[in-house]
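These notes are about the structure you will find just below.
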Amino acid sequence: ISKAINRQAIVERLMEGEAVPAGQLLPDGFFGVSKNLKPDAYDVDGAKKLLAEAGYPDGFGLTIHGPNNRYINDDKVAQAIAQFYSRVGIDAKVETMPSSVYFTRASKLEFGYMVLGWGTESGEQGSSLRSLLATFDREKGMGVTNRGRYSNPEFDKVLVSALVTMDDKKREALIQQAAEMAMNDTALIPLHYEVSTWATSRGF
């Protein structure tokens, strides 16, 4: 289902070039980003082959849920994903709603496939991995926005080690290792990074 998405088409047509295809949680330049992770290539035949190997030669049905007023072209992105999926035999329906309704329901785990965005205030990938992909444990503050409930004990072990490592070089290597483990698991499907465009006038 990741190979079935044409990220470049989303970037060029929906985002008018103001986005970058994504292969992990944060783009180049952030602490802990792995140079080994690239966006999955658009591959219809490869996607069909994997579906068949997984026991779904004729595809399956799913509903893509997303907000319609939170991210740039969020409802259009959801519709585009559904169209890409139809090309590999996946019958995808789309249901979008205002973010005030959407995020409440998403946090209650009402949806199976969710289109979401993420940003980081810490400037590094470890905090994003902790929030989005660590095994959910509210008391420890782990996986608090892990709405897909991905859980990999080996990933958790590496991530926790990174979070308590003070040496920057060692910590970054551990974060990169954790990111590679999660992305190679297809723990979630990165789509694109929005590019912020700013305009100012003289004097500001």
Side-chain angles (χ1 to χ4, degrees), residues 2 5 7-8 10-12 14-40 64-81 96-109 111 113-138 140-150 155-156 158-160 162-163 168 171-172 174-183 185-200:
S2 181
I5 298 173
R7 292 165 175 80
Q8 194 61 42
I10 290 175
V11 165
E12 293 176 0
L14 294 184
M15 304 300 289
E16 298 182 8
E18 296 302 311
V20 178
Q24 54 192 307
L25 302 185
L26 298 179
D28 290 345
F30 282 90
F31 186 89
V33 168
S34 171
K35 294 181 180 179
N36 298 324
L37 294 170
K38 305 297 179 187
D40 279 343
I64 299 170
H65 289 92
N68 56 23
N69 63 350
R70 176 62 184 89
Y71 311 110
I72 300 171
N73 297 323
D74 44 16
D75 52 345
K76 293 179 181 178
V77 169
Q79 292 287 349
I81 295 170
T96 62
M97 61 202 74
S99 58
S100 58
V101 176
Y102 176 69
F103 287 109
T104 298
R105 293 185 61 189
S107 293
K108 293 179 180 177
L109 310 184
F111 309 136
Y113 190 115
M114 295 161 275
V115 178
L116 297 157
W118 188 257
T120 178
E121 294 179 352
S122 68
E124 50 88 24
Q125 189 156 232
S127 62
S128 300
L129 292 167
R130 174 180 180 163
S131 294
L132 291 167
L133 295 175
T135 298
F136 178 73
D137 188 329
R138 190 182 301 279
K140 294 182 179 179
M142 303 295 283
V144 292
T145 51
N146 181 353
R147 296 184 176 98
R149 291 302 191 258
Y150 168 75
F155 163 81
D156 290 338
V158 174
L159 177 60
V160 168
L163 296 175
D168 282 349
R171 185 170 73 257
E172 183 166 37
L174 287 167
I175 292 172
Q176 291 167 340
Q177 181 185 347
E180 291 168 11
M181 292 172 73
M183 293 302 100
D185 272 353
T186 317
L188 49 67
I189 301 172
L191 295 175
H192 62 270
Y193 311 116
E194 292 181 359
V195 174
S196 297
T197 303
W198 303 87
T200 62

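As the structure is a computational prediction, the values presented were derived from the model and not from experiment.
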With a 4.5 Å cut-off on side-chain heavy atoms, are [Y] and [X] touching?
{"X": "I5", "Y": "I10", "answer": "yes"}
{"X": "V101", "Y": "T104", "answer": "no"}
{"X": "V20", "Y": "P27", "answer": "no"}
{"X": "D75", "Y": "Q79", "answer": "no"}
{"X": "S128", "Y": "L26", "answer": "yes"}

Can you tell me how far [atom2] of [Y] sits from [atom1] of [X], rounded to the nearest 0.5 angstrom?
{"X": "E16", "Y": "L14", "atom1": "CD", "atom2": "CG", "result": "9.0 Å"}
{"X": "S100", "Y": "R70", "atom1": "OG", "atom2": "CZ", "result": "12.0 Å"}
{"X": "Y71", "Y": "W118", "atom1": "OH", "atom2": "CH2", "result": "9.0 Å"}
{"X": "L129", "Y": "L174", "atom1": "CG", "atom2": "CG", "result": "11.5 Å"}
{"X": "L116", "Y": "S99", "atom1": "CG", "atom2": "OG", "result": "11.5 Å"}
{"X": "L109", "Y": "R147", "atom1": "CG", "atom2": "CZ", "result": "8.5 Å"}

Problem - side-chain contact (heavy atoms from CB on, under 4.5 Å) between L133 and L159, worked out - result: CA-CA 10 Å; L133 295 175; L159 177 60; over 6 Å; no

Side-chain donor or acceptor of [X] paired with backbone N/O of [Y] under 3.5 Å:
{"X": "R7", "Y": "P190", "value": "yes"}
{"X": "D74", "Y": "N69", "value": "yes"}
{"X": "Y150", "Y": "A134", "value": "no"}
{"X": "R130", "Y": "G141", "value": "yes"}
{"X": "T96", "Y": "G66", "value": "no"}
{"X": "N73", "Y": "K76", "value": "no"}
{"X": "E124", "Y": "S127", "value": "yes"}

Exercise for the section: Evaluate the criterion side-chain contact (heavy atoms from CB on, under 4.5 Å) for residue pair L188 and M183; output intermediate values, then yes/no. Expected result: CA-CA 7 Å; L188 49 67; M183 293 302 100; 3.8 Å; yes

Exercise for the section: Assess whether atom CG of D28 is packed by more than 12 heavy atoms of other residues, nucleotides or ligands within 6.0 Å. Expected result: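 Incorrect, the count does not exceed 12.
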
Problem - Residues, nucleotides or ligands: over 12 heavy atoms within 6.0 Å of R138 CZ - result: no

Using residues 29-37 as the side-chain source, report each donor-acceptor pair under 3.5 Å to any protein atom, sequence neighbours left out, with the distance given to one decimal.
residue: S34; atom: OG; partner: N36; partner atom: N; Å: 3.0
residue: S34; atom: OG; partner: E180; partner atom: OE2; Å: 2.5
residue: N36; atom: ND2; partner: E180; partner atom: OE2; Å: 2.9

Practice task
Give the intermediate values and the outcome of side-chain contact (heavy atoms from CB on, under 4.5 Å) for residues H65 and V115.
Solution key: CA-CA 6 Å; H65 289 92; V115 178; over 6 Å; no

Handout entry: Distance-only side-chain donor-acceptor flag, D40 / S2, under 3.5 Å
Key = yes

Handout entry: Check: T197/E18 side-chain N/O donor and acceptor closer than 3.5 Å
Key = yes

Exercise for the section: Compute the centroid of each ring, for F111 and then for Y102, and state whether the two points are separated by less than 6.0 Å. Expected result: yes

Problem - Candidate pair F103 and M97, rule side-chain contact (heavy atoms from CB on, under 4.5 Å), full reasoning - result: CA-CA 10 Å; F103 287 109; M97 61 202 74; over 6 Å; no

